[in-house]
Amino acid sequence: MGEKEGIFSKKNLKLLTNPLSNANPITVLVLGICSALAVTAQLKPAVVMSLSVTIVTAFSNLIISFIRNTIPNRIRIIVQLVVVAALVILVDQVLKAFVYDVSKQLSVFVGLIITNCILMGRLEAFALGNKPWPSFLDGIGNGAGYGLVLVTIAFFRELFGSGSLWGYKIIPQEWYIANGGWYSNNGMMILPPMALIIVGVIIWIQRSKKPELIED
Amino acid sequence: MENYLNLFIISVFLENMVFAYFIGMCSYLAVSKSVKTATGLGIAVIFVQTITVPVNYLLENYLLKEGALKWLGEGYADIDLSFLSFIMFIAVIAAMVQLVEMIVEKYAPALYISLGIFLPLIAVNCAILAGSLFMQQKEFINIGEATVYGVGSGAGWCIAIISIAAIREKLRYSNVPAPLRGLGISFIITGLMGLAFMGFMGIKV
């Protein structure tokens, strides 16, 4: 305790990087799937969603960690929900003000960040027992791990499903059958079930690289 | 009467919470290891959904929506509290879950024991909040429609979790590649079930 820890000590950096691979909230801990899949048909909403979740996770971790010693144990869930809901309202209003079209696309899923299990999971498992700064980093790390998976899924779904990335056409127009070419978009990629199958494949690849993650 | 039936079928099959919107996936994946527990959670979700959606409907229409406070007097007619809806909905859900838990414990101890820890967990199940948020989005014309939607979306979630639990029970005897075991294969199966459910899109209601 005597020695003061650096702001970016090795232990703190690990809090940031661990959720990106070995403790990824989506593929390893199975948290926050609900919103992960519905917003990934295109890259732009996926990025906005990841940023929102990262901000809410980081700041709710920070706030709960600051007041962790004053929250009575029995009502901690309600306190957490109130803090999270307040932050989500802020994010929702900001999105509505600055990126209205994306906010319309995300529809109910911004509100659903409140019940996103990543938040509750991290608050319960980390912020309630740790100091504010590590909790903040843990929040950013988990948000980034969530964002990584989201952006990967969205990349494949938008590229193969609509032939574009971030709304820009990537596949040359003359390749399409309609223009006398040979290529056609895979319409199934835009449908919801393909998101699940892509997550399944990501998990498959990750676990075959890291056999210690395999369930028996 | 007919439009209630249509709404019910739409919310159970066409707009199934799990397969069309991926809502409630966390508990859907975590609690689907055996059919028995899955049934318990499914019934608890229907139960809570049936209560919270109509209650939140009343809240939305008599308190939060723009002009909803008209019944207080003309001066209140242009107040718009809709930015508060998230926090109000989640508070209603948490309170309702607590209330339902106490009532069930008092009057139906057998049901209480069989639902066990699932009731309190439901407060943070995304399916419940999503039910209320979709209700808000769909702008139902009366409380009957909201109630039917609540029951239907809960029932759709219940069907989904029971069927995946049944498949996972059978899956235990099959030879899945090691890295795909557990979570991976559950995702892929859910995807395939989702594709099958898309067949209901053809229904004209």
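Convention: sequence-line order gives letters A, B, ...; per-chain numbering from 1. In this text, all values refer to a predicted model and were calculated from it rather than measured experimentally.
- Looking at B:Glu169, its side chain does come within 3.5 Å of a backbone N or O of B:Val35 through a donor-acceptor pair.
- Sorted by first and then second residue, the ring-ring contact (aromatic ring centres under 6.0 Å, His included) pairs with a member in residues 150-190 of chain B form an empty list; sequence neighbours excluded.
- Not less than 6.0 angstrom separates the ring centroid of B:Tyr149 from the ring centroid of B:Phe8.
- The number of heavy atoms from other shown groups lying within 6.0 Å of CZ (A:Phe156) does not exceed 12.
- The greatest number of non-hydrogen atom pairs below 4.5 Å with chain B, out of A:Val82, A:Ile89, A:Val84, is found for A:Ile89.
- No donor-acceptor pair under 3.5 Å is formed between the side chain of A:Arg68 and the backbone N or O of A:Ala127.
- For the pair A:Asn61 (side chain) and A:Ser135 (backbone), a donor-acceptor distance under 3.5 Å is present.
- Both the backbone and the side chain of B:Leu195 have a heavy atom closer than 4.5 Å to some heavy atom of chain A.
- In this structure the side chain of B:Met96 never reaches within 4.5 angstrom of the side chain of B:Ile128, judged on heavy atoms.
- Both the backbone and the side chain of B:Ala130 come within contact range of chain A, judged by heavy atoms closer than 4.5 Å.
- Of the two parts of A:Ile197, the backbone and the side chain both hold a non-hydrogen atom closer than 4.5 Å to a non-hydrogen atom of chain B.
- At a 4.5 Å heavy-atom cutoff, the contact between B:Phe19 and chain A is made by backbone atoms alone.
- Most heavy-atom pairs under 4.5 Å with chain A, from the set B:Leu180, B:Thr190, B:Leu192: that is B:Leu180.
- Residues passing the side-chain contact (heavy atoms from CB on, under 4.5 Å) test with A:Leu159 are A:Phe155, A:Leu165, A:Ile170, sequence neighbours excluded.
- Proximity to chain A is absent for every atom of B:Met193, based on heavy atoms less than 4.5 angstrom apart.
- Residues of residues 95-104 of chain A having a heavy atom under 4.5 Å from any heavy atom of chain B: none.
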Can you give the donor-acceptor pairs under 3.5 Å from side chains of residues 43-59 of chain B to other protein atoms, not counting sequence neighbours?
residue : atom : partner  : partner atom : Å
B:Gln49 : NE2  : B:Ala127 : O            : 3.4
B:Gln49 : NE2  : B:Ser153 : OG           : 3.2
B:Thr50 : OG1  : B:Ile46  : O            : 2.5
B:Thr52 : OG1  : B:Val48  : O            : 3.1
B:Asn56 : ND2  : B:Ser132 : OG           : 2.7
B:Tyr57 : OH   : B:Phe140 : O            : 3.0
B:Tyr57 : OH   : B:Ile141 : O            : 3.3
B:Tyr57 : OH   : B:Asn142 : N            : 3.4

